[in-house]
Every structure is written in structure tokens, then in C-alpha cells.
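We name chains A, B, ... by the order of the sequence lines, and we start the count at 1 in each one. What you see is a predicted model, and the numbers here were worked out from it, not measured in a lab.
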Amino acid sequence: MDGEFTERVLQVVERIPSGRVLSYGAVAALVHERHRGLGGGPRQVGRVMSLYGDVVPWWRVVRADGRAPRCHEATAIERYRAEGTPLRAGEAAVDMRIALWTPDR
DNA sequence: CTCTTGACGCCGG
DNA sequence: TCCGGCGCCAAGA
């Protein structure tokens, strides 16, 4: 791949269950939590997704307010409908209070 | 070395 | 809801 940070990010995203999501910030926090000292914030997670997102369920990583990643809303929404991800009524955004994944452990 | 750019986040207006 | 501003930080130019 590219670096350890990239690998850790992809690992986390890979484990997000169908129908659930994580925000960019949450992914960054998880990586940081499991590997103290390994830098990288939400923006770096977004960078990893733009480069290697095609090998993981990238649509399960959304912005903090539940909206899908920029310029990929259409495809993401399709996936949400396909896997039954809870959406906010009348909006093209995930209902974070229900869909936010909390990895056990 | 100094900008500029992002699949971002948060607060305020 | 839609801005604008600031923080963030790696990668390019």
C-alpha cells in the first residue's frame, strides 16, 4: 500500500457492518486510539478514501452530519437504499443516531 | 521554503 | 439551508 496509516484506515472501513456507517472523524479517532502516535485526521482519512476507497465499502464513511462524501452522493444513496441504511426523512443523509457504528472492544 | 488543495469538522450568522 | 471563517495536516506545485 502506502503507509501504515493508510492500511489501518482501510482495515477499519472494511469492518463497518452493512447498514451502518462511521464518520471520517470517527475513523481517524479509531485508528488513533488503536495506534497511539499514528497521526492523521479526518482530512487524511478522506485522502485515503479518494485514493484507495475502491477496495472497501467507502459509502459507509460519511461526513459528521450524515451526508455522503462530496461528488459521490448518488452512488452512495443507492447503496444505502440497497442495504437498508437508516436515512433521515426527506433528506439525502444517513440518520447518524441510528446508523453510527460502535465497534465492540 | 511558501502557497494551494482537499471524498473534513465545528461554530456562528 | 446556505455561506464564511478557522483549525487541521499531508501532498503537490
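- At a non-hydrogen distance threshold of 4.0 Å, nothing from residues 78-90 of chain A comes into contact with DNA chain B.
- With sequence neighbours excluded, no residue forms a salt bridge (charged side-chain N to carboxylate O under 4.0 Å, His left out) with A:Arg15.
- Within the structure, every pair that satisfies the ring pair (Phe, Tyr, Trp, His ring centres under 6.0 Å) test and touches residues 65-88 of chain A, not counting sequence neighbours, is listed here: A:Trp58-A:His72.
- Nucleotide C:dC9 holds its P atom 19 Å from the CG atom of A:Leu51, rounded to whole Å.
- Between the P atoms of C:dC6 and B:dA7, the separation comes to 22 Å (whole Å).
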Please report, to 0.1 Å, the donor-acceptor pairs under 3.5 Å made by any side chain of residues 23-42 of chain A, with sequence neighbours excluded.
from: A:Ser23; atom 1: OG; to: A:Ala26; atom 2: N; distance (Å): 3.0
from: A:His35; atom 1: ND1; to: A:Glu4; atom 2: OE2; distance (Å): 3.1
from: A:His35; atom 1: NE2; to: A:Glu4; atom 2: OE2; distance (Å): 3.1

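- For A:Glu78, the side chain to side chain donor-acceptor pair (under 3.5 Å) criterion is met by no residue, not counting sequence neighbours.
- Nucleic acid contact for A:Glu73: none, since no nucleic acid atom lies under 4.0 Å from a heavy atom of the residue.
- When each of A:Arg47 and A:Arg67 is assigned the nucleotide of DNA chain C bearing its nearest heavy atom, the one mapping closer to the 5' terminus is A:Arg67.
- Straight-line distance from the CD atom of A:Gln44 to the C1' atom of B:dG6: 9 Å, rounded to whole Å.
- Note: NE2 (A:His32) to C1' (C:dC9) measures 13 Å, nearest angstrom.
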Determine, for nucleotides 8-13 of chain B in 5'-to-3' order, which nucleotides have protein heavy atoms under 4.0 Å from the base (write B), from only the sugar-phosphate (write S), or from neither (write -).
-> BSS---

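- Scored by the side chain to side chain donor-acceptor pair (under 3.5 Å) test, A:Trp59 finds A:Glu83 as partners (sequence neighbours excluded).
- Every residue meeting the side chain to side chain donor-acceptor pair (under 3.5 Å) condition with A:Arg67, not counting sequence neighbours, appears here in chain and number order: A:Asp65.
- Scanning all heavy atoms of the two residues, the minimum distance from A:Ala99 to A:Thr85 falls at CB-CG2, 4.2 Å.
- With sequence neighbours excluded, no residue forms a side chain to side chain donor-acceptor pair (under 3.5 Å) with A:Arg47.
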